Amino acid sequence: MATVSATDATFDEIVKQSDVPVVVDFWAEWCGPCKQIGPALEELSAEYEGRVKIVKVNVDENPGSPAAMGVRGIPALFMFKGGEAVDQKIGAAPKAALKDWIESAV
């Protein structure tokens with residue numbers, strides 16, 4: 001399963017009402033570090049299919065969700081479980097570090 005895109009309008013449905021843990025990636029097209037971790041998140045989405053959902057939110061097109069989460073810099077990754085943010089990671093990281101972070105939270 002590929003990553004899922006969410007908008008301000010679909011954020012609650014896709015993220016907060018999910019029955020599996022969700023990693024939310026707040027990103028933008030112009031963000032170099034965001035583009036750097038994009039392929040790793042796609043691969044992790046396939047590896048965790050059915051166990052963890054990876055959702056991307058474009059902050060330029062959807063300013064409400066990142067503002068509500070207090071995002072000040074991107075990439076900003078949030079781990080949601082049971083509809084609540086339980087952890088966050090700011091900035092780019094290698095795939096192995098992202099995988100370790102996901103494993104520690106699920």
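Values in this document were obtained by computation on a predicted structure and should not be read as measured data.
Put simply, CD on Gln88 and CE on Met69 are 7.5 Å apart, with the number rounded to the nearest 0.5 Å. If you take CD1 on Ile102 and CG on Leu41, they are separated by 7.0 Å, rounding to the nearest 0.5 Å. In this structure, Leu44 CG and Ile54 CD1 are separated by 5.0 Å, a value rounded to the nearest 0.5 Å. A distance of 6.5 Å separates CG in Asp60 from CH2 in Trp30, rounded to the nearest 0.5 Å. A distance of 11.5 Å separates CD in Glu42 from NZ in Lys95, rounded to the nearest 0.5 Å.
Counting only heavy atoms from C-beta outward, the side chains of Leu77 and Leu98 approach each other to under 4.5 Å. Side chains of Lys53 and Ile14 form a contact here, defined as non-hydrogen atoms less than 4.5 Å apart. Taking the side chain as every heavy atom from C-beta outward, Trp101 and Asp87 approach each other to under 4.5 Å. Between Asp8 and Pro66, some side-chain heavy-atom pair lies under the 4.5 Å cut-off. Under the 4.5 Å side-chain criterion, counting only non-hydrogen atoms from C-beta, Val24 is in contact with Phe80. In this structure, the side chains of Phe78 and Val15 stay at 4.5 Å or more apart for every pair of heavy atoms.
Nearest heavy-atom pair across Gly50 and Val20 is O-CG1, 3.6 Å. Residues Ala6 and Val55 share a closest heavy-atom pair of CB-CG1, 3.4 Å. Shown here for Thr3 and Ser45, the closest heavy-atom pair between the two residues is N-OG, 3.5 Å. Of all heavy-atom pairs between Ala92 and Pro75, the closest is N-CG, 3.8 Å. Counting all heavy atoms, side chain and backbone alike, Phe26 lies closest to Ile74 at O-CG2, 3.4 Å. Closest approach of Thr7 and Ser65 over heavy atoms only: O-OG, 4.2 Å.
Cluster annotation: Val86 and Ile90 are assigned to distinct hydrophobic clusters (Ile/Leu/Val/Met/Phe/Trp/Tyr, side-chain heavy-atom contacts under 4.5 Å, transitive). Val71 and Val22 fall within a single hydrophobic cluster, where Ile, Leu, Val, Met, Phe, Trp and Tyr are joined by side-chain heavy atoms under 4.5 Å apart, directly or via other members.
Heavy-atom neighbours of Glu103 CD from other residues, nucleotides or ligands within 6.0 Å: above the threshold of 12.
A donor-acceptor pair under 3.5 Å is formed between the side chain of Lys35 and the backbone N or O of Glu29.
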